[in-house]
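All figures in this text were calculated on a predicted structure; none of them were measured in a lab. Every number for a ligand or one of its atoms is a count from 1 in the order of the listing. Sequence positions, counted from 1, serve as the residue numbers for this chain.
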Amino acid sequence: MACVRRLLPLCSSINRTSFPSSGSGALQGFRSYGAIASEQTLPSNLPEADTSVLNDEIAQIRREFDAAKQSFLKIPAALKAMPKMNPKGIYVNKNLRLDNIQVYGFDYDYTLAHYSANLQSLIYDMAKEHMVNEFRYPEVCMEFKYDSTFPIRGLYYDKLKGCLLKLDFFGSIEPDGCYYGRRKLSRKEIEEIYGTRHIGRDQAQGLVGLMDFFCFSEACLISDIVQYFVDAKLEFDASYIYQDVNRAIQHVHRSGLVHRGILSDPHRYLVKNGQVLHFLKMLREKGKKLFLLTNSPYYFVDGGMTFMLEDSKEYRDSWRELFDVVIAKANKPDFYTSEHPFRFYDTEKDNLAFKKVNEFLPNKIYYHGCLKSFLHITKWKGPEVMYFGDHLFSDLRGPAKAGWRTAAIIHELEDEILIQNKDTYRLEQCSHMVIKCTLPYPLSS
Ligand SMILES: Nc1nc2c(ncn2[C@@H]2O[C@H](COP(=O)(O)O)[C@@H](O)[C@H]2O)c(=O)[nH]1
Ligand SMILES: [Mg+2]
């Protein structure tokens, strides 16, 4: 053990070797291995037994370096033979027998219905107007414009410090993922503000998650307002900015402003996808049960579905026939844990009936409800249900608790896979793996 410890500094120098991203450049790394290994000399005053053990250890390490070197040389050819991932593919993290799935459930927004970036601009503008007109924010805010290149999903706003954060899997701030207003903070600034990059339990209490696509407008508006206060050198409390922006955003959704805005110009906001109808029809033809479970109000879903299927003679005016059960205003994720009763929604009269819901009738619409009643009425067993959705909590975590299988619609995956398919990316990843396998201790990153 002592010998190994004495040899560790030798290995540490490998850890410091930097790896260029181009194919030919990787060879520079090998040269530095050789140099490190051959430059090491043993102290002359060591006892003979120790010298022999050390020589064996060094010979062993040289053999491992050589093996690593050979692995490196084989990387470009091996990569060529390795298939690339399909950006339009479907990926699983658990084995799934589709013949066991008898029931397919769907979320609506950002699952069956897809929107252009114009939607985020619309929400941003509506919320901004509300803040100026109702909360008396300065008139100059009306000039703010939504920037589609700024937000990504899964950001956190720190209500105490006013920063927008991207945390990694372990809850540490990503080095490039901390913004104050619209300005990216350096590592030094992050450490000055947070002490360390890791967000502890106490600091996490001030964070609010901005989890879905609807939150893009919120993230951008919060940052633009913070930036306004910074530029104007005005004192402000970062939590009030969140409170005001969030209230404005809630108003835009709850009042139906955004829903009416979308339906007033569906070509501008909705993105048609012929594959959706094809998929739903295919499931029906195979005898599967289908249901729609959304937080949106019925008129909004009806308008959107009618627009998206306007080219289909069969379902243009009867999209409801595609589903065995349609539930709107479901209030997910509370739907999965609450005991709210279902209400029958009369589409003609636009009101809720008072009669108790004991069954789901075809072509009818139901509001609210809860998972417990849903399972009681349908008699569908957890593992035979698969639910598709885009929201981590409303569509994936909640249903998983009910034993449903879940399918996440992750739009970003297409771009991520394209990046991972790039030769430069694959080469760097392989080099990293070879080094990781060669070293006797784990790499920190
Ligand atoms: N009251 C709020 N409603 C919101 C918010 N963000 C989105 N929404 C609305 O939820 C549904 C999404 O429905 P689903 O089909 O994905 O279940 C849609 O109508 C949005 O307008 C919010 O922050 N507050
Ligand atoms: Mg959704």
**Fill in**
Ranked by distance from atom 5 (C) of ligand 1, the top protein heavy atom is H253 CD2, 3.4 Å
**Complete:** With heavy atoms and a 4.0 Å threshold, my read on which part of H259 contacts ligand 1 is side chain
**D212 N/O to ligand 1 N/O under 3.5 Å** = no
**Asked** By number and element, which atoms of ligand 1 are closer than 4.0 Å to a non-hydrogen atom of D107?
**Response** 14 (P), 15 (O), 16 (O), 17 (O)
**Fill in**
CG (N246) and CD1 (I222) are apart, to the nearest 0.5 Å, by 7.5 Å
**Item:** Contact check: D109 to the Mg ion (ligand 2), N/O/S below 2.8 Å
**Value:** yes
**Request:** Check D390 and report its N/O/S atom nearest to the Mg ion (ligand 2), by atom name.
**Result:** OD1
**Request:** Mark yes or no for whether D346, through its side chain, and K349, through its backbone, hold a donor-acceptor pair below 3.5 Å.
**Result:** yes
**Request:** Of the side chain and backbone of E218, name the one, both, or neither that has a heavy atom under 4.0 Å from an atom of ligand 1.
**Result:** neither
**Request:** Report the nearest protein non-hydrogen atom to atom 2 (C) of ligand 1: residue, atom name, distance rounded to 0.1 Å.
**Result:** Q250 OE1, 3.3 Å
**Item:** Nearest to the Mg ion (ligand 2) - the N/O/S atom of D107, by atom name
**Value:** OD2
**Short N/O/S contact of D212 with the Mg ion (ligand 2) (below 2.8 Å)** = no
**Request:** Select one of side chain, backbone, both or neither to describe which atoms of F214 lie under 4.0 Å from any atom of ligand 1, heavy atoms only.
**Result:** side chain
**Asked** Considering only the protein, which heavy-atom contact is closest to atom 11 (C) of ligand 1, and what is its distance?
**Response** S296 OG, 3.6 Å
